[in-house]
There are 2 protein chains.
Amino acid sequence: MNLTFRQLKVFEAVARHLNYTNAAKELHLSQPAVSMQIKQLEEQTNTPLIEKLGKKLYLTEVGLEMQDYARSTMQQLVDLEETIDQMKSMKRGHLKLAVASTANHFVIRLLARFAKFYPKISISLDVTNRSSLLDLLEKNECDLVIMGSPPEGHNLQSAPFLENPLVIVSHPHHYLADREHVSLQEIANEEFVVREQGSGTRSAAERFFTEHELEFKTKMDMSNNRAIKHAAEEGLGLAIVSLHTLELELKAKTLKIIAAEGFPIYRNWYVVQREGKRLSPIAMVFNDYIMQEAGQLMKDFDLPLFKSVNV
Amino acid sequence: MNLTFRQLKVFEAVARHLNYTNAAKELHLSQPAVSMQIKQLEEQTNTPLIEKLGKKLYLTEVGLEMQDYARSTMQQLVDLEETIDQMKSMKRGHLKLAVASTANHFVIRLLARFAKFYPKISISLDVTNRSSLLDLLEKNECDLVIMGSPPEGHNLQSAPFLENPLVIVSHPHHYLADREHVSLQEIANEEFVVREQGSGTRSAAERFFTEHELEFKTKMDMSNNRAIKHAAEEGLGLAIVSLHTLELELKAKTLKIIAAEGFPIYRNWYVVQREGKRLSPIAMVFNDYIMQEAGQLMKDFDLPLFKSVNV
DNA sequence: ATAATACATAAGAAATACCTTATGGTAAAC
DNA sequence: GTTTACCATAAGGTATTTCTTATGTATTAT
């Protein structure tokens, strides 16, 4: 059985009118065209669907069944079209993001704003480590990834969208904590708690010290940003971290930013996607959104000391 | 949007394999044929459904939606086919009958047997009066009608399928009730309770008396067969009724058949349908069934005195 | 009886659907 | 680097679909 949507459409009209001529008018067709479609449908099903008694038309039992089927199928088609339209116009859809754990906090703030504009869009946010992020991209299991240091040569495409100021923090009673200016040399005399080798933050810090021909004294390294901050709080050393991860600690005054010369170091946050990936409409919009709005939005958020540090 | 079932079928295969070449093999097509169907589907929806990243294929969000749609639509088509097949093979369907109230009792017995052969077939039986029967046929609201005297010239087609013996009954203590032979003249001396003018039974009775040049003395006429029998039970007169309506009364011995000369008068039960009506498979089978089997079946039923009357 | 109405059928033409083979391009595997 | 696997694209042809106009036929209404 090889029906066509055309046959169903015509049949539905005839079944509704119980009159070929009127159905033909509705469909802007000639009457024989309608007759033929019905005839073909009857040939397909190999059973009469409509019977003519005198001048009136009646649906046979199978005809009634066919009417049900035609209506439901056509309704489904309408539904599909609507769903697709909604997806296109982003009234519906799903945005799959993944972020580096260091970016988690500020990305959630960005997302909160973004989500308000697209109430019917569902969002999934995977907060995970660097290698998992690359894995997700590889498997095409997410639309976009936000991270601090995209790798090279994995068929990835990345774009910086926001400055990522790295600052030096200490516990509030550190002797450098309240100073208005701390020289490079004074910094170099301190010991640091740092991220593991290979981390973007670690690399940036090392580059900074190398460029200024200073020694970078690392006391401990840890693979977790939160652990580093905690170590600094406990006075195990100074820490170099992204300002964007510090909101809570600054509010709670468990850490203080040191007014170190040459700081903050500016790195970037990147949006990363697979090369060649055709973004879904909503992913494209989100991409545009953060590229254009992230800077402004971050300023709107109440990051204390941002300005003073930024001098 | 003007999809084709072909496009959906091909898309479904591709979505399942996530591989054009394998889908093509499954469908016994060349690979470009598959490419083209997908491309056309994407043109119809005006949105990508499948994306190729590296060597792997992925469904887009809309593609996933389309996959759902394709599967459900194709499943519905399978269901439709099955339903139609079942209707054709009479594993399903509906038989709409209407019978004259006088025929009710014996038709139900016929139906009970018939229904056993077609357990999934539902049957509706409308028991109503003559004019309503014609109305039902006119409006094509039933497949077949069973009645005693089909009218002429209503674009109806009728076929006798069973003898309808009319007998004379009286209450059990009537002085003719136990006689082994009652002459025509003795009958003609009696008074009768009869159906209204125009009724088939009435006409047949009148014809009988006219043919034998006897007077037909009618005391009362009633439009309801049951009322007539009741009148006879109460001794208001003799009654001429179809043997097939008497089963209960004979069993209960509230009426007795009189062994009148020339009786029973043989009339017929008819199956009536609209001229030109294409019977549904099940209606056709039922029609054949009663045409061929009704006589035998009626003999199987325990109609006491049938044989003796029939001598 | 005649006209009017409505569906069926036939013939022909245009569009389009659909498939094949041949070929090109790209990513991954060796 | 070469090969392999796999999809895209092009060209070309056939079959099918789908429509129209013209005409036939049956039923109903006048």
Side-chain angles (χ1 to χ4, degrees), chain A residues 1-11 13-15 17-44 48-60 63 137-140 153-157 274-278, chain B residues 1-11 13-15 17-44 48-60 63 137-140 153-157 274-278:
Chain A
M1 206 155 74
N2 198 7
L3 313 185
T4 68
F5 279 101
R6 186 92 192 126
Q7 285 163 4
L8 291 180
K9 191 176 178 63
V10 173
F11 176 80
V14 171
H17 285 101
L18 287 175
N19 180 309
Y20 285 52
T21 310
N22 293 347
K25 277 177 194 157
E26 177 183 304
L27 297 165
H28 304 290
L29 286 178
S30 65
Q31 167 263 313
V34 172
S35 288
M36 284 174 63
Q37 292 291 340
I38 301 297
K39 198 179 167 190
Q40 281 170 13
L41 193 57
E42 289 182 331
E43 274 164 13
Q44 295 292 334
L49 302 172
I50 292 178
E51 69 173 345
K52 194 183 169 186
L53 288 178
K55 219 165 177 173
K56 272 189 188 163
L57 298 184
Y58 300 89
L59 295 182
T60 64
L137 281 170
E138 174 65 30
K139 290 184 187 155
N140 197 32
H154 277 66
N155 290 333
L156 297 177
Q157 203 178 318
R274 263 191 87 144
E275 207 171 311
K277 163 93 176 172
R278 298 212 34 180
Chain B
M1 204 155 75
N2 198 8
L3 313 185
T4 68
F5 279 101
R6 185 97 191 120
Q7 284 163 5
L8 291 180
K9 191 175 179 62
V10 173
F11 176 80
V14 172
H17 286 99
L18 287 176
N19 179 310
Y20 284 53
T21 309
N22 293 347
K25 277 177 195 158
E26 178 182 303
L27 298 164
H28 303 290
L29 287 177
S30 65
Q31 167 264 313
V34 172
S35 288
M36 284 173 64
Q37 292 290 340
I38 301 297
K39 197 178 167 191
Q40 282 169 13
L41 194 56
E42 289 182 330
E43 275 164 14
Q44 295 291 335
L49 301 173
I50 293 177
E51 71 173 344
K52 195 184 168 185
L53 288 178
K55 219 165 176 174
K56 273 190 187 161
L57 298 184
Y58 300 90
L59 294 183
T60 63
L137 282 170
E138 173 65 30
K139 290 183 187 156
N140 198 32
H154 277 64
N155 289 333
L156 297 178
Q157 202 178 317
R274 263 191 86 147
E275 208 170 312
K277 164 92 175 171
R278 297 214 33 183

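Numbered from 1 within each chain, the chains take letters A, B, ... in sequence-line order. Values in this document were obtained by computation on a predicted structure and should not be read as measured data.
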Whole-Å distance, Lys56(B) NZ to dA29(C) C1', equals 14 Å

The nucleotide from dC19(C), dT20(C), dT21(D) with an atom nearest the side chain of Pro32(B) is dT20(C)

Of the candidates dT21(D), dC6(D), dT21(C), the side chain of Ser30(A) sits closest to dT21(D)

Ile38(B) atom CD1 is separated from dC18(C) atom P, nearest whole Å, by 12 Å

Q. Phosphate oxygens OP1/OP2 of dT16(C): is one of them under 4.0 Å from a side-chain N or O of Gln40(B)?
A. no

Taking dC19(D), dT4(D), dC7(C) as options, the one with an atom nearest any side-chain atom of Met36(A) is dC19(D)

Whole-Å distance, Leu57(A) CG to dA6(C) P, equals 11 Å

Whole-Å distance, Asn19(A) CG to dT28(D) P, equals 15 Å

Rounded to whole Å, the CG-P distance (Leu3(B) to dT16(C)) equals 17 Å

Can you tell me if Lys25(A) has over 12 outside heavy atoms packed within less than 6.0 Å of its NZ? no

Assert: residue with more 5' nearest nucleotide on DNA chain D, out of Lys55(B) and Asn2(A), is Lys55(B)

Regarding the side chain of Arg6(A), the nearest nucleotide among dC7(D), dC19(C), dT18(D) is dT18(D)

Whether Gln37(A) side chain and Lys9(A) backbone form a donor-acceptor pair below 3.5 Å:
no

Practice prompt. For residues Leu8(B) and Leu3(B), determine if any side-chain heavy atom of one lies less than 4.5 Å from a side-chain heavy atom of the other.
Written response: yes

Of dC19(C), dA8(C), dC19(D), the nucleotide closest to the side chain of Tyr20(A) is dA8(C)

For Ala23(B) and His17(B) the tightest heavy-atom approach is CA-ND1, 3.8 Å

Worksheet item: Does the side chain of Tyr20(B) come within less than 4.5 Å of Val14(B)'s, by heavy atoms?
Response: yes

- Task: Determine whether any donor atom in the side chain of Gln31(B) lies under 3.5 Å from an acceptor atom in the base of dA8(D), or the reverse, and answer yes or no.
- Result: yes

Describe the nucleic acid contact of Thr21(A) in one word from base, sugar-phosphate, nothing, applying a heavy-atom distance below 4.0 Å.
-> sugar-phosphate

Q.
Using the rule given for side chain to side chain contact (heavy atoms under 4.5 Å, CB included), can you reason through Leu18(A) versus Leu59(A), listing the C-alpha separation, both sets of side-chain angles and the distance that settles it, and then say yes or no?
A. CA-CA 8 Å; Leu18(A) 287 175; Leu59(A) 295 182; 4.2 Å; yes

From the candidates dC7(D), dT20(C), dC7(C), the one with an atom nearest any side-chain atom of Ser35(A) is dC7(C)

Assign each of His28(B) and Glu138(A) the nucleotide of DNA chain C bearing its closest heavy atom; nearer the 5' end lies the nucleotide of His28(B)

To the nearest angstrom, the CZ-P distance between Phe5(A) and dT16(C) comes to 19 Å

Comparing nearest nucleotides in DNA chain C, the 5'-proximal residue of the pair Leu53(B), Gln44(B) is Gln44(B)

To the nearest angstrom, the CD-P distance between Gln7(B) and dT16(C) comes to 14 Å

Checking dC19(C), dT9(D), dA5(D) against the side chain of Lys39(B) (C-beta onward), the nearest is dT9(D)

Leu27(B) CG to dC18(C) P, in whole Å, measures 13 Å

